[in-house]
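Remember, it's 1-based here, ligands and their atoms both numbered in the order they're listed.
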Amino acid sequence: MNIILSDVGLSALEADGTVLVTGGPGSGKTTLALLKAQRQIAALEGGQEVLFLSFSRAAVRQVLLRCKDILTAKERKQIAVRTYHAFCMDILRSHGRLLNGRHPTILFPGPERLAKAKHEGDWAIEVQRLAVEDGRYAFSTFADRAADLLARSSSLRELISEMYPIVIVDEFQDTDDAQWALVQQLALNSTLVTLADPDQRIFDYQADIDPRRLDQYRATFTPKEFDFGGANHRSPNASILSFADAVMANETLPTTSDVKQLSTYPRNHEASVHAAVTWMLSQLRKAGIEHPSVAVLGRSNGYVSDISLMLGKEHTYNQHLLKPLEHHVVRDAELTAAAAQVVASILEWPLHDVTSAAATTLDCIADFYDMKNAEHPSNSAQNIAASYRAAASNVRAGKEPRSGAAKAVKRACEAGLAFRGDAIADWLTARAVLESSDKLAELLTAARFRLFRATDEIGGRLAAQWAETGTYQGARIIVQRALNLGKLLATETEPRGVVLMTLHKSKGKEFDGVVIVEGQYAGAFFNEKRERPPFAATRRLLRVGITRARHQVVLVRPSTAPPLTLPPGTEGSAA
Ligand SMILES: Nc1ncnc2c1ncn2[C@@H]1O[C@H](COP(=O)(O)OP(=O)(O)OP(=O)(O)O)[C@@H](O)[C@H]1O
């Protein structure tokens, strides 16, 4: 890969000590950090590594891919790219006993979310109590607890810094209070290389993400600072960045064919979304990209699911027939795990009598809706969870469940399923039970993740269980364990094809093309109930989404939506 550094880049590369690198999207911050890591690796002693801390597994995956471009296989062994969660969990698991003498255990996000929904008092107080009294660490408190541990034990801190003399901190603008406390502890003995773009701050609606974080960093560490400004290596020949900057600044948009806007009407909205994605794929292929990657972004998880349904149907657009488009949805990991539990419970059917097998699956379906309700409380999710719970008790009491969907599950269980020992085929057979009622469509969508490609772990473990017992006994536990592990580990798979996710989740990623879809009713960009004009936070978010593209962007918006920018002084502007 041909990397040419600017003068600022070269100075940043050569600088010793604590460094802060700022710059816009695609300005080369991550690349520079990896080049710095490469230099440091040469000087490391045996057992030492460069630590690269990031927020999400997706971001870790992206950095691991980038490592392949820049570092040799040998060098890659000496860089640990970790999420804050994974890094802190290791510290707590290995040394948590120092805090209270108890064997540390972990409360994973799914169970934590459910426990939080059921807890009547202040959950923040309860998680502290669990940690201090029971040595049980909830996901949400990992960084906080790990920072506390390092603050109390200088020998542990020195040990960690001995292992990781250089720590790279990515996306620093979105660091929360606990992560900031952890970074400060690490900095006592390790050297920090910090990357940030204040304008990519998209999580500051959370109270613990302080918009002044960069200034706090400057005040605490007086780092050598390097600003890559508006350099743009991601889409150097396109006007994507200038368009995105204009959206963020609420200024007149530049005229460019790199970013297209497609206006839709209620009757053709779905077909237009479908057509936009199809067009994007064909444009990129025409441009010579054999296997293009296209991100389709929506404002909320719910709207992303709607887009998935749109792409999964046939449409006619301008007299052209559009076939369903294969795509992958980056989902809420907890809901996916809950849906996987339902499928796993079906794999266990042959081991139990019909009554308890069907009732267990109905309970798992209720858990799925409880999980949904825990994340986005709604009466409907709560009522649906209660109705499946009631159906499970009815079945256990020898009665017929009331709802059609629960009846369908029971009937499928009575008919029985034959598994053959091919874990993938059997998983699909079990999942197909969810096709027996339209009412299970949401659950089916959540269960349609690329299980075996994404987490071979599960396929392998289920196959091993079959080889040993000729059954999928314990499938629910196997799946749960593997998914818990998968939450912390990231695999290095290149994004390919069409991938759907929220705008927030797209941060730190890169695709050949990006399609951003605004809904007619849900998923609106500018919502006065959420935010006041001129919608600064949404504008930053849109800039993050738009600048994920290397070559082309399409914005699909209802014809009734307000213009993307209304510079002050223009008719209808808020200022
Ligand atoms: N100096 C360079 N010369 C050539 N290509 C580069 C250079 N720096 C970065 N790139 C390429 O540009 C793209 C964006 O780089 P990088 O991810 O490092 O930017 P970033 O500032 O971290 O972006 P973001 O903040 O949007 O995540 C990558 O594909 C990378 O390989």
Does this structure show an ion pair linking [X] with [Y], if we count only N-O contacts that are shorter than 4.0 Å?
X: R93; Y: D90; answer: no
X: R299; Y: E518; answer: no
X: R213; Y: D177; answer: yes

Of the protein's non-hydrogen atoms, which lies at the shortest distance from [atom], and what is that distance?
atom: atom 26 (O) of ligand 1; value: R234 NH1, 2.8 Å
atom: atom 13 (C) of ligand 1; value: E510 OE1, 3.5 Å
atom: atom 22 (O) of ligand 1; value: T30 OG1, 2.5 Å
atom: atom 19 (O) of ligand 1; value: G28 N, 3.1 Å
atom: atom 18 (O) of ligand 1; value: T31 OG1, 2.5 Å
atom: atom 31 (O) of ligand 1; value: M1 CE, 2.7 Å

Less than 4.0 Å is my threshold; does some heavy atom of [X] fall inside it relative to ligand 1?
X: R548; answer: yes
X: N2; answer: yes
X: I4; answer: yes
X: R66; answer: yes
X: G26; answer: yes
X: G9; answer: no
X: T547; answer: no

query = For ligand 1, which atoms, with element, lie under 4.0 Å from some heavy atom of I3?
reply =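 The atoms of ligand 1 under 4.0 Å from a heavy atom of I3 are 1 (N), 2 (C), 3 (N).
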message = Out of all atoms in ligand 1, which are within 4.0 Å of some heavy atom of G24? Include the element for each.
response =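 In order of numbering, the contacting atoms are 21 (O).
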key: Of the listed options K29, Q62, H233, closest to atom 21 (O) of ligand 1 (non-hydrogen atoms)   =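 Shortest heavy-atom distance from atom 21 (O) of ligand 1: K29.
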request  = Describe, in one word, how the ring planes of Y164 and F87 are oriented to each other, choosing from parallel (under 30°), tilted (30 to 60°) and perpendicular (over 60°).
outcome  = perpendicular
request  = Please assess T220 against Q184 for the test side chain to side chain donor-acceptor pair (under 3.5 Å), listing each intermediate value before the final yes or no.
outcome  = CA-CA 9 Å; T220 312; Q184 290 180 80; 4.7 Å; no
note = Any heavy atom of Q200 under 4.0 Å from ligand 1? The part involved is side chain
key: side chain to side chain donor-acceptor pair (under 3.5 Å) between S161 and S190, worked out   = CA-CA 5 Å; S161 289; S190 301; 2.8 Å; yes
Intermediate values then yes/no, side chain to side chain donor-acceptor pair (under 3.5 Å), Q38 and Q40 = CA-CA 5 Å; Q38 188 171 39; Q40 304 292 345; over 6 Å; no
Could you list the donor-acceptor pairs under 3.5 angstrom formed by side chains in residues 48-55, with sequence neighbours left out?
unit_1	atom_1	unit_2	atom_2	d
Q48	OE1	E45	N	2.9
Q48	NE2	E162	O	2.9

note = Residues passing the ring pair (Phe, Tyr, Trp, His ring centres under 6.0 Å) test with F172, sequence neighbours excluded, are W180, Y217
inquiry  = With side chain to side chain donor-acceptor pair (under 3.5 Å) as the test, pick out the partner of D174 among R201, Q179, K507, Q206.
reply    = K507
inquiry  = salt bridge (Lys or Arg N to Asp or Glu O under 4.0 Å) for R540 and D199? Distances and angles first, verdict last.
reply    = CA-CA 6 Å; R540 283 200 300 273; D199 291 333; over 6 Å; no
